[in-house]
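Accompanying notes for the structure given below.
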Amino acid sequence: MPSKIDSSPPYVGRFAPSPSGQLHFGSLVTALASYLDARHHNGQWLVRMEDIDAPRCLPGVDSDILHTLECHGLHWDGTVLYQQRQHARYQAKLDSLLADKSAYFCACTRKQIKANGGHDNHYCRDLGLTAQAVPESAPDTRSLAIRLKLDCQLDAFDDGIMGSVDKTGALSVVNSVAHSTSSGLVEAQDHRAKSRNNSNSNDNSTSASEVTPLGAAPEDVVIKRSDGLFAYNFVVALDDEYQGVTDIVRGSDLLDVTPLQRAVYRSLGCNVPQYGHIPVAAVSQGRKLSKQNHAAPINNKNVLENIVKGLSFLGQGDYHANEFENAAQLLTMAISRWDRKLVPKIAEIIVGKHESTYYSHPL
Ligand code: GLU
């Protein structure tokens with residue numbers, strides 16, 4: 001009898017750091033989780049440098065991140081894709097969206113949108129603004145954003161790690177766990193994922209739940225910002241499609257924007273990947289470990305300890321650094337034992353305050 005043909009696409013995962021700061025424990029854990037998930041599924045693991053927001057990127061940080069990944073045995077497939085080198089591809093897509101009226105110039109400010117009940121109400125959709133004929137309120141085309149028409153509802157989805165997520169990005173079943181481990185993970189909190197920083201008009205970081213009243217169509221998403229930068233939510237969809245990404249494992253701080261991102265993929269005609277969100281490492285409730293919170297850059301001299309702590313954070317059990325000769329050996333075992341079901345289904349885990357792995361200096 002012929003064997004059953006597996007029609008599911010081969011797994012392609014990716015780690016997509018923004019080179020705005022060196023890897024810290026939280027970002028290393030994300031890299032580790034997406035790597036283990038990909039390799040466990042015999043998949044490819046790609047690295048993409050998300051340097052689209054050039055003003056926020058620091059010179060040399062990209063090489064530093066790649067060096068840290070290599071030191072930890074996290075070797076990627078193919079070449080690293082830099083978003084800054086993809087402008088022609090992004091612009092070509094933008095031009096075709098404008099040409100077929102799937103996208104339009106928008107002169108609305110965040111203030112006007114707020115006055116509209118927090119929704120852009122598709123105000124500029126049919127005004128036919130063009131880069132040539134701009135209204136008095138926006139005398140310079142650089143102050144016009146470009147929006148993608150989103151003629152669909154946000155939807156709930158099944159997260160491969162967290163389980164059911166509703167259309168606002170909230171976990172349907174919220175677990176509250178407190179645990180303590182030898183590696184200094186002291187407490188896990190039951191906490192809804194927080195939205196990313198968001199203040200500018202027409203910027204790229206608006207959370208879906210923040211702008212979309214339940215049941216309403218989502219605000220048409222900005223794909224080129226008024227400052228001329230391509231928006232993150234646009235390029236991430238184009239890049240995942242371009243790179244054939246099937247599975248995204250990333251931090252739960254992006255849960256609340258995921259329903260919006262899924263709508264963007266659909267509206268652009270891109271395949272929507274499967275998602276798996278892992279807890280973020282946090283300093284205290286709602287404050288994820290970050291450069292601003294004095295996260296310590298990963299020390300490449302403690303490779304085995306770092307990976308062991310990452311595995312413990314991800315609920316994969318207790319490994320002992322002294323039982324392994326190198327990262328490759330440890331990762332081989334971690335790949336074979338990787339189990340998504342063991343990852344804590346919580347938005348964040350608060351890491352030990354006085355641990356040099358996590359902090360540059362005690363807070
Ligand atoms: N570049 C994003 C970040 O560093 C990751 C986005 C993603 O994985 O989709 O937060």
Side-chain angles (χ1 to χ4, degrees), residues 12-38 45-58 61-62 64-66 68-69 74 76 80-84 86 90 157 159-162 165 169 193-198 203-208 221 229-265 268 270-282 287-293 295 297-298 347-348:
V12 181
R14 48 78 161 172
F15 174 55
S18 306
S20 54
Q22 292 164 292
L23 289 189
H24 52 69
F25 181 72
S27 37
L28 183 72
V29 163
T30 303
L32 182 64
S34 67
Y35 173 87
L36 294 176
D37 201 63
W45 188 63
L46 311 179
V47 172
R48 180 163 76 227
M49 224 23 97
E50 297 211 315
D51 55 355
I52 194 64
D53 196 348
R56 290 186 55 232
C57 299
L58 301 174
V61 166
D62 58 327
D64 197 273
I65 290 174
L66 297 176
T68 297
L69 292 176
L74 301 172
W76 56 89
V80 175
L81 183 138
Y82 281 75
Q83 291 182 323
Q84 279 301 331
Q86 310 300 317
Y90 302 150
F157 67 99
D159 188 272
I161 291 175
M162 293 285 180
V165 177
K194 282 267 177 276
S195 58
R196 316 188 87 194
N197 291 341
N198 167 44
D203 70 5
N204 66 344
S205 56
T206 308
S207 103
V221 73
L229 294 179
F230 289 104
Y232 170 70
N233 282 328
F234 178 52
V235 300
V236 74
L238 296 187
D239 287 345
D240 283 334
E241 176 78 3
Y242 180 69
Q243 297 190 284
V245 171
T246 60
D247 290 76
I248 296 176
V249 174
R250 61 182 186 180
S252 69
D253 54 325
L254 291 163
L255 257 181
D256 65 348
V257 84
T258 305
L260 176 67
Q261 290 188 335
R262 287 166 47 84
V264 172
Y265 283 74
L268 291 171
C270 302
N271 289 311
V272 182
Q274 300 291 318
Y275 290 88
H277 288 85
I278 61 166
V280 293
R287 284 176 67 214
K288 86 169 183 167
L289 198 58
S290 68
K291 202 170 58 173
Q292 291 73 23
N293 290 330
I298 288 293
E348 63 187 16

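As the structure is a prediction and not an experimental result, all values here were calculated from the model. Every number for a ligand or one of its atoms is a count from 1 in the order of the listing.
- Taking the six-membered ring where the residue is Trp, Trp45 and Phe15 present parallel rings, their angle staying beneath 30° rather than reaching 60°.
- Shown are Glu348, Arg287, Arg250; of these, the side chain to side chain contact (heavy atoms under 4.5 Å, CB included) with Val280 is made only by Glu348.
- Distances shorter than 4.0 angstrom do not occur between any heavy atom of Gln261 and any atom of ligand 1.
- Listed by atom number, the atoms of ligand 1 under 4.0 Å from Glu50 heavy atoms are 1 (N), 2 (C), 5 (C), 6 (C).
- In the vicinity of Tyr232, heavy-atom distances shorter than 4.0 Å reach the ligand 1 atoms 5 (C), 6 (C), 7 (C), 9 (O).
- Close approach of ligand 1 to Arg250 (heavy-atom distance below 4.0 Å) involves ligand atoms 7 (C), 8 (O), 9 (O).
- When the shell of 6.0 Å around OH of Tyr242 is examined, it contains 12 or fewer heavy atoms from other residues, nucleotides or ligands.
- Using modelled atom types, one finds a donor on one side chain and an acceptor on the other under 3.5 Å when comparing Asn233 with Gln261.
- Any N or O atom pair closer than 3.5 Å counts here, and Leu254 shares no such pair with ligand 1.
- A donor-acceptor pair shorter than 3.5 Å can be found between the side chains of Arg48 and Gln243.
- No heavy atom of Phe15 sits closer than 4.0 Å to any atom of ligand 1.
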